[in-house]
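Have a look at the structure below before the remarks.
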Amino acid sequence: MSKTMTLTLQIWRQRSANTPGSMQTYKLEGVNEHMSFLEMLDVLNAKLTKEGQDPVAFDHDCREGICGSCSMVIDGRPHGPRKGTTACQLHMRTYKDGDTITIEPWRAKAFPVIKDLVVDRGSLDRIVAAGGFVSVNTGVTVDANATPIGKKNADEAMDYAACIGCGACVAACPNAAAMLFTGAKVGHLVKLPQGQVERRGRVLRMVEQMDLEGFGACTNHRECSEACPKEISFDAIELLTSSTCAPRSRTTDLRRSLPQRGRRDPRRPRSRLRLEVQQLG
Amino acid sequence: MDLNAKIPDGPIEGKWDRHRFEMKLVNPANKRKYNILVVGTGLAGASAAASLAELGYNVDCFCFQDSPRRAHSIAAQGGINAAKNYQNDGDSIYRLFYDTVKGGDFRAREANVYRLAQISVNIIDQCVAQGVPFAREYGGLLSNRSFGGAQVSRTFYARGQTGQQLLLGAYQALERQIGLGKVKMYARHEMLDLVVIDGVARGIITRNLVTGETRGWVGDAVVLATGGYGNVFYLSTNAKGSNVTASYRAHKRGAGFANPCFTQIHPTCIPVSGDYQSKLTLMSESLRNDGRVWVPKQKGDVRRPEQIPEDERDYYLERRYPSFGNLVPRDVASRAAKAVCDEGRGVGPSKMAVFLDFGDAVRRLGQNVVADRYGNLFEMYERITGEDPYKTPMRIFPAVHYTMGGLWVDYDLMSTIPGLHVLGEANFSDHGANRLGASALMQGLADGYFIIPYTIGNYLAQAKLPKITVDHPEVQRSLAGVRAQTTRLLGIKGRTTVDEFHRELGLVMWDYCGMGRTAEGLKVALQKIPEIRARFWSDVAVPGANEELNPWLEKAGRVADFLEFGELMCLDALERNESCGGHFREEFQTPDGEALRDDANYSYAAVWEYTGEGSAPRLNKEPLEFKNVKLATRSYA
């Protein structure tokens, strides 16, 4: 028999980008332990709709952890407590009867809130548009096996390419930096021969765009990699800074001035504290 | 309805080459004078938008997701087929062509499928050039695996995330063109109508999902790459947002809809666990390379799988189909799973599941090798079910996954409305009545990278397209229609949620138009669906307003279309008095329970024509001719 539980949900409600938001409390009964976290929200929304209240808007699509749509901070952690797991893959068996759960949107200047838990992540697309590609038109190619690529490099490229573009790294970062996202794309392409030709210009253009969008700088907190549902390695940021000889952006300059491989200060509270400091865009 | 497929003359091997030479060209300086509207940014849409922009066309591109990278192609797991014959195991373009036509149970168009097989080899080259990190061997060359319905290894893959990597390749190419200003991208925009002027597709109506603004767009051609309609069943492996709206509204404007009843039920999905379930999760077909499917020989055996000795297990796929074993095509595997569950030999709490067992593979290859091949899939399974598939067999059951039916297109991928081109899963042409695994990615990219860039030029070079603006009365009329529907949905203020109606429709579709269909059942469904639809329009609860982000309003519009479209599917299934591929009419089967085709009477594509609200749709037929493969009963035994 599956267990059911009663939960108290504290959810960020915000009508639109231009209206102030606040945390609202909801009580939800009969939550089955086998439900996914988003199915639990579906149940809440059905209840709110029936009661004539406005349901909670949240982004979601594939519900199998690959599209990168879902974007919610659960109890202070992007995507919730389970490591390497998106919110849609989180199941209610993680919780117990009587728990209180807080749910908030990604918070970053470069991710303005659209409504409730839904934010605008167009800034990530614009970073890719600035240089996150190999400049090859359709059709002008050689046979796929003409360029052998060592298994190790191909596997490492795949490790970085696994990024789902959800933005959890930004949400987790005390500075709301997009270094892990950008580094993952750079890491994917720089590990492959196809990505070599444009390696330097790609980094400069992507980092410039990152700065323009209002993302912060990396100060080695490593929260990004910790929160990443695909567990992209923090080494991506090393690759980002080492892929160009002359980093000019404030982001990369800042990184250079700091000790490499700094560890997170264990006395510092986790990203939850940041939520109070960081303003909504 | 004119169903001339315009298949080029000559031997099948030379048709595409010859056609490419005969097609009219638009000279490079003139391409920038044309504006093309591309709807959808999955593999087909993104690759088309990027390739057309590279050629010099101006492209406006639309998707309802918040980013083009989130289209549902992203979720394809297993791989992409190509006739490279890198494994030296006897593959060839002809064999891929043959396997696909046979796999589709001889209900696809030969010439299109042959071209698909030809182009497959270019796709792999293109993707590698873009930096798609396909799996490789230690020598640095590309690795392959096997998929259902083939006896060669021709599937290229990137772990269990092939769709993601191919889509990111196409997305990056698209973003490059966005950065260059050749593509204007409109995310969070949903297409709600097609604008047809003087019989030609000239524009679309969209709703901005953030502001609620509805507006018209005009162009010289419209390309729909809006995916499949599996979500008509409510529970499917599709993303929650996948829908039939763009295709169906184009259908209402005159585009013929072909073989709507051809749906694919994928054999290996995680079983339903409760009423709250919002979607089903696929476990890749690639798992059948090493996993063995079985159920207990005894009915009602409640022992744990580890406690059931080898000789009390029925490896029913290996038993019934010794030459293909666990790698029979999807329709065959799904029906076999249903058959053993119907016999009372299903496993798990619901008894509607079979085991997919990796015990042998772990013993033979070691856990590390199994983890390297399928690690992410095993993790996904563990997260959803709380069970560890390295230790205990997976429990799986078939689920709706893909739709072979779609808008009818000719050889140039143009629908029955001139100027409206349809790519990828949204069209009908290549997979017949059943799609083979790893062929959807191949078709989406073939259409987008290598077919539409040629054929759209041929259309534009010959079309007479007077200049129009969004002030055109037809645009304004479509716009008014879309706005009226929105107002109507918001004004009902009923008591039943959109999802409740969707679930109700889904159950009817699954029970009567799912894995097994009967004339009797389909007639029941044809009574029930209009009844649900009538209740929907009088009692649906759509909260919120138009001028804001309103996911429930979006969903209500999509479910309204499913409530009409479901009826068309049942009608098509009822009309086709044979079993073929995924369409299994229980009245038509061999003594062994295999699909029994009727080639004399049903060797055609059924193309439905919309005749107005409340009026029965008209059936048109495109006869299918098989000159290169011999029509035969499919055998995988």
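In what follows, chains carry the letters A, B, and so on, assigned in the order in which the sequence lines appear, proteins first and then strands, with residues in each chain numbered from 1.
Interface remark: A/Lys185 contributes side-chain atoms only to the contact with chain B (heavy atom separation under 4.5 Å). For chain B, the nearby parts of A/Asn145 are the backbone and the side chain; heavy atoms of each come within less than 4.5 Å. With a 4.5 Å cut-off on non-hydrogen atoms, A/Ile114 touches chain B through its side chain but not through its backbone. For a residue to count as touching a neighbouring chain, one of its non-hydrogen atoms must lie under 4.5 Å from one of that chain's; by this rule A/Val190 does not touch chain B. Both the backbone and the side chain of A/Asn137 come within less than 4.5 Å of a heavy atom of chain B.
With a 6.0 Å cutoff to the six-membered ring centre and a 45° limit on the axis angle, A/Arg13 does not count as a cation-pi contact of A/Tyr26.
Comparing A/Gly139, A/Gly52, A/Ala157, A/Ala130 by heavy-atom pairs within less than 4.5 Å of chain B, the highest count is held by A/Gly139. When B/Gly386, B/Ala53, B/Gly179, B/Gly140 are compared by the number of non-hydrogen pairs under 4.5 Å with chain A, B/Gly140 comes out ahead. Ranked by heavy-atom pairs under 4.5 Å with chain B, the list A/Ser135, A/Gly84, A/Gly122 is led by A/Ser135. Highest contact tally toward chain B, considering only A/Gly131, A/Gly150, A/Ala162, is held by A/Ala162 [criterion: heavy-atom pairs under 4.5 Å]. Among the candidates A/Arg93, A/Gln53, A/His188, A/Arg126, the residue making the largest number of heavy-atom pairs closer than 4.5 Å to chain B is A/Arg93.
Aromatic rings of A/Phe215 and A/Phe111 (six-membered ring for Trp) have centroids within the 6.0 Å cut-off, being under it.
Taking the six-membered ring for Trp and thresholds of 30 and 60 degrees, B/Phe156 and B/Tyr86 have ring planes more than 60 degrees apart, a perpendicular arrangement.
Looking at B/Tyr171 and B/Thr41, their side chains never bring a donor and an acceptor atom within 3.5 Å of each other.
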